[in-house]
Amino acid sequence: MNIQEMATAIVYELPIIICILNNGYLGNVRQWQEMFYDRRYSSTCMRYRRSCETGCNTQNHCCPEYTPDFIALAESYGGERHPCYKTRGYKNSFDKCKAEYENAYGN
């Protein structure tokens, strides 16, 4: 999904639930770098900035939060959002989205 697709879904009030699972990396690119390039990562961390003193793979990295902020993006389009920052909270967040969907559109 890209930003334009989220905008289209909200403008047309499409009855969909979007789940964004963010691990902070360009996942597919990083996977290939793990498998075929001996874990020599290049430009896959989505939090890295030139101002970072250390790399993302170090214990004391101090990179800013992920960009873009998908929660703020959904809100900017007028969409509902239920953020979940830990795996154990996923079901609760998804159930809230599902209940809102069912209230708005029926089963």
Side-chain angles (χ1 to χ4, degrees):
M1 168 166 279
N2 61 44
I3 292 171
Q4 295 85 351
E5 290 168 338
M6 184 184 291
T8 300
I10 292 170
V11 166
Y12 285 99
E13 299 177 348
L14 299 178
I16 62 173
I17 296 172
I18 300 168
C19 297
I20 297 174
L21 306 174
N22 179 8
N23 69 355
Y25 295 97
L26 294 175
N28 200 30
V29 175
R30 187 173 173 91
Q31 177 184 344
W32 280 79
Q33 290 173 351
E34 284 178 7
M35 292 172 26
F36 299 111
Y37 295 97
D38 228 9
R39 297 178 189 255
R40 291 190 307 270
Y41 303 119
S42 175
S43 302
T44 58
C45 178
M46 297 303 293
R47 298 178 357 159
Y48 178 77
R49 303 291 185 273
R50 285 191 309 196
S51 60
C52 290
E53 293 178 11
T54 60
C56 292
N57 295 326
T58 62
Q59 186 175 13
N60 296 322
H61 74 276
C62 58
C63 299
E65 289 299 315
Y66 182 82
T67 304
D69 180 344
F70 287 106
I71 294 169
L73 183 62
E75 288 174 336
S76 75
Y77 287 127
E80 296 291 326
R81 86 296 183 269
H82 295 282
C84 171
Y85 299 100
K86 300 287 183 189
T87 305
R88 65 179 171 263
Y90 171 77
K91 183 173 180 355
N92 187 37
S93 292
F94 186 80
D95 288 344
K96 286 179 185 176
C97 291
K98 189 175 175 186
E100 286 181 10
Y101 168 89
E102 290 170 350
N103 288 337
Y105 301 102
N107 292 334

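Positions are given from 1, in the same order as the sequence printed here. Keep in mind it's a predicted model, so treat the numbers as computed, not measured.
Note on I71: it does not cluster hydrophobically with I10, by side-chain heavy-atom contacts below 4.5 Å among ILVMFWY residues. Both M6 and I16 belong to a common hydrophobic cluster when Ile, Leu, Val, Met, Phe, Trp and Tyr are linked at side-chain heavy-atom distances under 4.5 angstrom.
Take S93 and apply the side-chain contact (heavy atoms from CB on, under 4.5 Å) test, not counting sequence neighbours, and it matches H82, C84. With sequence neighbours excluded, the residues that form a side-chain contact (heavy atoms from CB on, under 4.5 Å) with F36 are W32. Under the salt bridge (charged side-chain N to carboxylate O under 4.0 Å, His left out) criterion, K91 pairs with D95, sequence neighbours left out.
Checked against K98 for a side chain to side chain contact (heavy atoms under 4.5 Å, CB included), the options K96, E100, E102 give a single hit: E102.
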